[in-house]
**Q** 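One structure follows; several queries about it will come next.
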Amino acid sequence: MLSPKLLRGETDKVANNLARRGHELDVSGYKKLEARRKALHMETERFRNERNVRSKSIGQAKAKGEDIEPLKAEVDKLGERLKDLEGDLKVVTRELREVELGLPNLLDESVPDGKSEEDNQEVRVWGEPKTFSFDVKDHVDLGGEQMDFEVAAKITGSRFVVLKGSVARLHRALIQFMLDTHTQEHEYQEVYVPYVVHAGSLVGTGQLPKFAEDLFRISHEQPFFLIPTAEVPVTNLARDSIIEAEDMPLKFVAHTPCFRSEAGAYGQDTRGMIRQHQFEKVELVQIVRPDASYEALEQLTGQAETILQRLNLPYRTVILCAGDTGFGSAKTYDIEVWLPSQARYREISSCSNFETFQARRMGARWRNPETGKAEVLHTLNGSGLAVGRTLVAILENYQREDGTVEVPEALRGYMGGRETL
RNA sequence: GGAGAGAUGGCUGAGUGGUCGAAAGCGCUCCCCUGCUAAGGGAGUAAGGGUUAAAAGCCCUUCGAGGGUUCGAAUCCCUCUCUCUCCGCCA
């Protein structure tokens, strides 16, 4: 959510920034609504004041033993009008909040213009796409019987997978390796969190109210959802709280499954493990002082890249252009790993600075020692990394001519010393 | 699942219809005193919003959430959520 003050005070400026994303803010509609809210608000306050003052005088009159009946009747009438006003104000406030919750974040100045993925800018490239002297197979062929989409479809449906044997173990090894690296070398605290969250948490991180169709909703009575990313429960750790400056930055890493309905992705990446309804991810989250968030974004992105470097997987990092930057993000780097079967880079991590966008929705603040006040903090997150896609990248990049796959050196300790899958 | 207790400011914790945005303590800030591994005294200290060029001041809202009673609710009633204790069940 944007600062209501900023939105009110500099509506046109905000509209211009949002236009870079292709989001059109209805300025006159917003201004009209806001003007109505303000008028109602002031009128309501006036009536409340009147009521409070008079009620107090009734109390005093009663204490003196005076007749208070006529006074009561008078204030009673006032109360009726007040009730109407409060009702109207509530409706308008709710409408306005709906509008505010639907607005994406402001973009950082360093975000390049552009409409789509094609306008993203390469920031750096690491490693070189390996050349193969034979026809490369994709991960589905390489996984063979140990990557079973058919049985998963029987159990559940499309976009699920069953992993077996050494592929299942490699999958688990990747999780361990990522968690160990981030906790031991990058000083993240490992956390275990709920995979089911209520709507408030999703509003906090920005998935709701706008992107409900991307989520799996469970339970009929209570609005519970499966998490689409660990970002939701982990960032919400700071919900409704005030963090002391000396405790910052808070750095959390969590491994969780992620569940996405992938509505609207029909026909995309239907083969293999690239796009699944359920996948594992190791997620990095930082809760930081506002003046430190951009430094933290660079750090966090670099930490995610470390994993690919250790696995010796070629990748590149791009900065997302205005049109491709996610709803809540002010600035996002995507890390893309090289997939030989597709002969192109594919997203494996997305690292974003949300500035105050999520914190404001969540009520997450920190105590600024300079002002002594509780102020809205900044949140960031990034995949470190998407486990399923990392598995895909390993299978494809480490394949041999005979269809076997070499185990990356960094993972052998997690694989009982095996050198081949 | 059954029975009971509770939810108050950064924290602990008083407060059962008006003078309570709320005692006290802790913490924090400032000042005074003191010279020795410290302590003592005083003052201030909830958040959000409106009015303002800004501040002061004034006003509104907020005592888990939502609804209700009342001229007036932290305080009474209803619903919900969460926490704790005991019993039952259980990975």
Side-chain angles (χ1 to χ4, degrees), chain A residues 1-11 31 33-97 99-101 192-204 208 218-225 233 236-248 250 257 287 289 356 359-377:
Chain A
M1 201 161 72
L2 304 176
S3 151
K5 220 172 208 165
L6 184 77
L7 185 57
R8 236 177 275 149
E10 307 193 47
T11 314
K31 282 185 175 167
L33 196 60
E34 170 54 26
R36 184 159 150 67
R37 185 205 61 85
K38 188 168 180 175
L40 275 168
H41 184 246
M42 292 177 73
E43 184 76 352
T44 306
E45 282 200 355
R46 242 193 34 228
F47 269 80
R48 279 179 180 154
N49 176 241
E50 186 81 19
R51 181 204 58 194
N52 291 347
V53 169
R54 292 206 193 191
S55 291
K56 203 167 267 185
S57 71
I58 289 178
Q60 286 162 353
K62 197 179 170 188
K64 285 183 211 152
E66 293 170 12
D67 180 20
I68 56 173
E69 287 311 316
L71 291 170
K72 275 164 78 167
E74 212 177 311
V75 186
D76 196 27
K77 247 177 238 165
L78 216 119
E80 280 172 39
R81 172 86 178 109
L82 179 60
K83 212 163 230 180
D84 288 344
L85 278 169
E86 283 177 334
D88 291 349
L89 179 63
K90 203 173 201 174
V91 169
V92 172
T93 304
R94 197 174 298 157
E95 269 178 61
L96 197 62
R97 182 167 168 82
V99 170
E100 288 168 353
L101 284 176
Y192 169 80
V193 292
Y195 302 157
V196 175
V197 292
H198 59 59
S201 293
L202 289 152
V203 171
L208 287 179
I218 60 170
S219 155
H220 298 290
E221 313 81 40
Q222 288 166 309
F224 279 162
F225 299 82
N236 273 284
L237 287 172
R239 186 177 191 78
D240 293 325
S241 60
I242 299 171
I243 316 281
E244 295 302 329
E246 63 262 31
D247 296 331
M248 299 175 96
L250 292 176
I287 313 284
R289 302 167 52 125
T356 58
R360 190 167 284 115
R361 290 170 166 240
M362 287 191 307
R365 296 176 298 170
W366 71 299
R367 195 166 296 284
N368 185 343
E370 282 172 32
T371 61
K373 300 254 179 203
E375 299 172 7
V376 188
L377 50 74

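Letters A, B, ... are given to chains in the order of the sequence lines, protein chains preceding strands, and every chain is numbered from 1.
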**Q** For atom P, what is the distance between B/C60 and B/A22, given to the nearest Å?
**A**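 13 Å, rounded to whole Å.
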**Q** I need the NZ-P distance between A/Lys5 and B/A54, as an integer number of Å.
**A**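 Atom NZ in A/Lys5 sits about 9 Å away from atom P in B/A54.
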**Q** OP1, OP2 of B/U51 versus side-chain N and O of A/Lys38: anything below 4.0 Å?
**A**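 Yes.
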**Q** Please figure out whether A/Gly79 or A/Ile242 has its closest RNA chain B nucleotide nearer the 5' end.
**A**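 Residue closer to the 5' terminus by nearest nucleotide: A/Ile242.
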**Q** With rounding to the closest Å, how many angstrom separate the P atoms on B/G72 and B/G21?
**A**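 That atom pair is separated by 16 Å.
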**Q** Rounded to whole Å, how long is the line connecting atom CG of A/Leu7 with atom P of B/G49?
**A** 14 Å
**Q** When you check the phosphate oxygens OP1 and OP2 of B/G49, does a side-chain N or O of A/Arg8 lie under 4.0 Å from one of them?
**A**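 For B/G49, neither OP1 nor OP2 has a side-chain N or O of A/Arg8 closer than 4.0 Å.
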**Q** What is the distance, rounded to the nearest whole Å, between atom CD of A/Glu244 and atom P of B/U29?
**A**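 It works out to 11 Å between those atoms.
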**Q** Using only atom types and a distance under 3.5 Å, with no angle test, would you say the side chain of A/Arg289 pairs donor to acceptor with the backbone of A/Trp366?
**A** no
**Q** Contact class for A/Arg365 vs. all strands (heavy atom < 4.0 Å): base, sugar-phosphate, or nothing?
**A** sugar-phosphate
**Q** Of all the nucleotides listed (B/U51, B/G48, B/G18), which has the minimum atom distance to the side chain of A/Met42?
**A** B/U51
**Q** Got a donor-acceptor contact below 3.5 angstrom from the A/Asn368 side chain to the A/Glu375 backbone?
**A** no
**Q** Nearest-nucleotide wise, let me know which of A/Ala374 and A/Ala73 is further upstream toward the 5' end of RNA chain B.
**A** A/Ala374
**Q** Without decimals, in angstroms, what is the distance between A/Arg360 CZ and B/G48 C1'?
**A**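 Answer to the nearest Å: 13 Å.
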**Q** For B/G49 versus B/A56, give the span between their P atoms, rounded off to a whole number of Å.
**A**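 The same atom, P, in both gives a distance of 14 Å.
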**Q** Tell me every residue that passes side-chain contact (heavy atoms from CB on, under 4.5 Å) with A/Glu50, counting only those two or more places apart in sequence or in another chain.
**A**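 Expected list: A/Arg54, A/Leu78.
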**Q** Taking atom P in both B/G10 and B/C86, what distance in whole Å separates the two?
**A** 31 Å
**Q** May I have the distance from A/Lys77 (atom NZ) to B/G72 (atom C1'), rounded to whole angstrom?
**A** 18 Å
**Q** Would you say that more than 12 heavy atoms from the other residues, nucleotides or ligands in this model lie under 6.0 Å from the CD of A/Glu246, or not?
**A** yes
**Q** Could you tell me how far apart A/Asp247 (CG) and B/C28 (P) are, to the nearest whole angstrom?
**A**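 Checked: the CG to P distance equals 14 Å.
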**Q** Look at the side chain of A/Ser55 and the backbone N and O of A/Asn52, then say whether any donor-acceptor pair between them is shorter than 3.5 Å.
**A**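 Answer holds: no.
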**Q** Would you say A/Thr11's side chain and A/Leu7's backbone share a donor-acceptor pair under 3.5 angstrom?
**A**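 Pair found, side chain donor or acceptor close to backbone of A/Leu7.
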**Q** Atom CZ of A/Arg367 and atom CD1 of A/Ile242: how far apart are they, to the nearest 0.5 Å?
**A** 5.0 Å
**Q** Ignoring hydrogens and geometry, is there a side-chain-to-backbone donor-acceptor pair from A/Thr356 to A/Ala359 under 3.5 Å?
**A** no
**Q** Within this structure, what is the CZ-to-C1' distance between A/Arg367 and B/A46, rounded to whole angstrom?
**A** 9 Å
**Q** Could you tell me how far B/G88 sits from B/G1 if I compare only their C1' atoms? Round to whole Å.
**A** 7 Å
**Q** Roughly, in whole Å, what's the span from CD in A/Glu246 to C1' in B/G27?
**A**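 One finds 12 Å between C1' of B/G27 and CD of A/Glu246, rounded.
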**Q** Does A/Arg46 pair with A/Glu43 as a salt bridge, N-O distance under 4.0 Å?
**A**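 Yes.
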**Q** Any salt bridge linking A/Glu34 with A/Arg37? Criterion: basic side-chain nitrogen under 4.0 Å from a carboxylate oxygen.
**A**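 Between A/Arg37 and A/Glu34 there is a salt bridge, with a charged N closer than 4.0 Å to a carboxylate O.
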**Q** Only Watson-Crick and G-U wobble pairs with both distances less than 3.5 Å should count. Give RNA chain B in dot-bracket notation, marking inter-strand partners with |.
**A** ((((((((.[[[..)..(.....]]]((((((.......))))))((((((.....)))))).[[[[[..)....]]]]])))))))....
**Q** Taking the same atom, P, in B/C28 and in B/C87, what whole-Å distance lies between them?
**A**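 One P to the other, the span is 41 Å.
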**Q** Would you name the heavy atoms of A/Gly204 and A/Arg239 that are closest together and state the gap between them?
**A**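 Closest approach of A/Gly204 to A/Arg239: CA-NH1, 4.3 Å.
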**Q** Please measure how far the P atom in B/U19 lies from the corresponding atom in B/C26, and state the result in whole Å.
**A** 28 Å
**Q** Mind checking the P distance from B/A46 to B/U29? Whole angstroms is fine.
**A**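 Rounded to whole Å, the distance is 16 Å.
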**Q** Taking protein heavy atoms under 4.0 Å as touching, what does nucleotides 56-70 of chain B look like 5' to 3' if B marks base contact, S marks sugar-phosphate-only contact and - marks none?
**A** ---BBS-----S-S-
